There are 2 protein chains.
Amino acid sequence: MDISVDCVVFGFDDDELKVLLIEQKQPEGKSAIKPQKAVPGDLVRDDEGLDAAAERILNELTSLEGIYLKQFHAFGDPNRVTGLKDRDWLRSFRTHPERRVITVGYYSLVKMDDFNPQAASFAKKAQWIDVYKIPNLAFDHNEIVGEALKVLRHELMADHIGFELLPEKFTLSQLQKLYEIILDKKLDKRNFRKNILRTDTVTPLEEKQSGVLHKPAQLFSVKRPRKKD
Amino acid sequence: MDISVDCVVFGFDDDELKVLLIEQKQPEGKSAIKPQKAVPGDLVRDDEGLDAAAERILNELTSLEGIYLKQFHAFGDPNRVTGLKDRDWLRSFRTHPERRVITVGYYSLVKMDDFNPQAASFAKKAQWIDVYKIPNLAFDHNEIVGEALKVLRHELMADHIGFELLPEKFTLSQLQKLYEIILDKKLDKRNFRKNILRTDTVTPLEEKQSGVLHKPAQLFSVKRPRKKD
DNA sequence: AATAGTTAGTGTAGAATATACACTTAGTGT
DNA sequence: ACACTAAGTGTATATTCTACACTAACTATT
């Protein structure tokens, strides 16, 4: 058997929660077939830990580093891979295409800002897709994304990890919107603010929004552990 | 690579939280070496899902069926297995002893009543060991048990799954003791009872304790989904 | 028959937390 | 200056959490 790692990378963009999907390479000589989208993932190397593999693979495919990255579930159904396209693809790209693969799911949150679409090579391969509009994916990736989303919701409430999805500087309204979209429900503005400020994970900056056609909002950033001043 | 499943089976006995450990069979011709204890686990078969494997292995080693059994983490450190004894053991009992093995941890809760310890396969014997007095185990099983315990604590609070560890009929005091032991802290009696009764997962029986040298306690059982009466 | 010993069983007041709700403010564009 | 828009702010009420102490029911002993 082989082990792979699949990374469900969440990002947030104005008013959509997105997942990073790659477009699979076309198998040789089958160019007529529409390529499938998939979550970035690959086989774990023989001498590599799971967490390390996840980090490596995510890095290879997105050039991101040092990201909140968490194992959430192992998917081991022996019939995980049944699709014809999936089979074709494996035959073209894997040395042992018939081997059963068990995959370990990781999820991660990134600021879309940090994400570097510079590499045209990259932009060709990877794209952000609205979580609520995900097409059919390769293998069992729809299920994997679904599970990741459940975990994300849970962790969002428990650990307030949501800032990870926002740019360096953000307003509380943006943060609230993020929560509303992930949880798929409206939140009360005043209560939300109380809650967030109480957790003390966020610091107001000197700066304010500008160029908006309404009262400019206070900008915040994530509170980092104090360096000595 | 190979995949294995390890099952951390919790049971409860009066005032100790226990884990089911097996004693590994001795490798041939090394009878001087003290055998190691381990959590029941084995390789996943080639055509078998992870959950199915966990159930099968638990069943093979303990003759239990239909147990609350939940995947909690995959352990994939390439240096998971370093001990000399572990190596010896693998050489004796595995067809591919040098292969790297990634293991998926499951945990499960059983009523010790229902359990009839029957060592089989490569287990010399099976025994319940106090969670807080676990010796050095084979492989990375100490870590695995530790993680399982964390998850158990978490799920205990979230989902009130504690009854699984008690006999069919139990008193609220027994249940409270169970919580106290798992969480390793004292709880307030009245508040505890309020909480449990509020969750509505438990029904009082007609029956009371008897033969105790104090006021006999009401017996309860887990509330099962109503069958049609 | 009375007594001592033991755990079962119960309520409430105060603190903390969660919820619901509406108006004023500071900008931009016309 | 006026209209438009989202930012920002406080309070009263309901709910949940916490701390806390006495009486009840049974057994064993004398």
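If you're wondering where the values come from, they're calculated on a predicted model, not measured in any experiment. Naming convention: chains lettered A, B, ... in sequence-line order (proteins, then strands); numbering from 1 in each chain.
- For Asn59(B) and Arg56(B), the side-chain atoms include no donor-acceptor pair closer than 3.5 Å.
- Judged by atom type and distance alone, Lys189(B) reaches the base of dG9(C) through a side-chain donor-acceptor pair under 3.5 Å.
- The side chain of His214(A) sits closest to dA7(D) out of dA19(D), dG9(C), dA7(D).
- Remark: P of dA8(C) and CG of Leu175(B) are 12 Å apart, rounded to the nearest angstrom.
- As rounded to whole Å, 17 Å separates atom C1' of dG8(D) from atom CG of Leu187(A).
- Between the side chain of Asn195(A) and the base of dA18(C), no donor-acceptor pair under 3.5 Å is found.
- In the set dA7(D), dT18(D), dA8(C), the nucleotide with an atom closest to the side chain of Asn191(B) is dT18(D).
- Among the heavy atoms of the strands, none lies under 4.0 Å from Gln209(B).
- Note: NZ (Lys208(B)) to P (dT27(D)) measures 11 Å, nearest angstrom.
- No donor-acceptor pair closer than 3.5 Å links the side chain of Tyr107(A) to the backbone N or O of Leu149(A).
- Note on Arg198(A): a side-chain N or O is less than 4.0 Å away from OP1 or OP2 of dA18(C).
- Between Phe220(B) and the choices Leu197(B), Leu205(B), Leu175(B), the side-chain contact (heavy atoms from CB on, under 4.5 Å) rule is met once, by Leu197(B).
- The base-pairing partner of dT30(C), taking Watson-Crick or G-U wobble contacts with both distances under 3.5 Å, is dA1(D).
- For the pair Gln218(A) CD and dA26(C) P, the computed distance is 14 Å after rounding to whole Å.
- Scanning atom types as modelled, one donor and one acceptor separated by under 3.5 angstrom connect the side chain of Lys194(B) and the base of dT12(C).
- One atom, NZ of Lys185(A), and another, C1' of dT19(C), lie 12 Å apart when rounded to the nearest Å.
- Following rounding to the nearest Å, Asp188(A) (CG) and dT9(D) (C1') show an atom-to-atom distance of 12 Å.
- Between Pro216(B) and Val212(A), it is Pro216(B) whose nearest contact on DNA chain C lies nearer the 5' terminus.
- A straight line from CZ of Arg193(B) to P of dC17(D) spans 18 Å, rounded to a whole angstrom.
- When rounded to the nearest whole Å, the span between CZ of Phe170(A) and C1' of dA7(D) equals 16 Å.
- Within 6.0 Å of NE2 on His214(A) lie more than 12 heavy atoms contributed by other residues, nucleotides or ligands.
- Under the 3.5 Å distance criterion, the side-chain polar atoms of Asp140(A) are left unmatched by any main-chain donor or acceptor of Glu143(A).
- Using a 4.0 Å heavy-atom distance criterion, Ser173(A) is classed as a sugar-phosphate-only contact.
- Between the base of dA22(C) and the side chain of Arg190(A) there is a donor-acceptor pair shorter than 3.5 Å.
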